[in-house]
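Since the structure comes first, as structure tokens, the remarks are kept for the end.
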Amino acid sequence: MINEKLEKAINEQINKEIFSSYLYLSMASYLADLGLSGFANWMRIQVQEEAAHAMGLYDYLIERGGSVELEAVAKPQTTWNNILHVFEATLEHEQFVTKSLNELADVADEVKDRAAASFLQWYINEQVEEESTAEDIINKLKLIDSDGNALFMLDKDMGARTFVAPVIG
Ligand code: FEO
């Protein structure tokens, strides 16, 4: 049986991962509205990744004999200033998720649940990639600035991303 405090913290993290998915779905529609179908595709795959992150925690909680308690999902932002702003907001959000996962791992340590701490380490490692990918896209967008051709090429690259279900844990 999982510790109650840890169970609550995992449930809160499930909500944050589902909100991430919802936020990126909103960003995907904003990008589609800008006519950037490649960027929209990239963001839609991010939506699937976040849903998979939520389900990983959901399944883990059940496996550990805990109860999943889903909360309301907040309305995400629906508009941004421009494409660069979208990815700056993505990075900021991922930094928030990293902080939240670190705090969640602290709870696992506090209640001396080594199995949970080990499981959560996957999520913490994943955040390194998530933040670095967002930073990389921001850097490219800054380099491109107002070069329409370069943006067109990058949009094409972003359109090539396909979803590969993460192997969690
Ligand atoms: Fe599931 Fe991008 O954090």
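Reckoned from all heavy atoms, side chains included, excluding hydrogens, waters and symmetry mates. When a ligand or atom number is given, it counts from 1 through the structure's own listing order. From a predicted model like this one, the values you see are computed outputs, not experimental measurements.
- Between Tyr123 and Leu104 the shortest side-chain heavy-atom distance does not fall below 4.5 Å.
- Sorting the N, O or S atoms of His53 by how far they are from atom 1 (Fe) of ligand 1 puts ND1 first.
- Under the 4.5 Å side-chain criterion, counting only non-hydrogen atoms from C-beta, Met43 is in contact with Thr90.
- Atom 1 (Fe) of ligand 1 sits nearest to atom OE1 when only the N, O or S atoms of Glu17 are considered.
- Put simply, Glu126 stays out of reach of atom 2 (Fe) of ligand 1, with no N, O or S atom under 2.8 Å from it.
- Among the backbone and side-chain atoms of Glu94, no N/O/S atom is found under 2.8 Å from atom 1 (Fe) of ligand 1.
- Residues Trp42 and Leu31 fail the side-chain proximity criterion, which asks for heavy atoms closer than 4.5 Å.
- The residues Lys8 and Glu4 are annotated as not salt-bridged, no charged nitrogen and carboxylate oxygen being separated by less than 4.0 angstrom.
- Phe119 and Tyr60 have parallel rings, their planes meeting at less than 30° on a 0 to 90° scale where 60° marks the start of perpendicular.
- Atom 2 (Fe) of ligand 1 has an N, O or S atom of Glu50 inside 2.8 Å of it.
- At least one N/O/S atom of Glu130, whether from backbone or side chain, sits less than 2.8 Å from atom 2 (Fe) of ligand 1.
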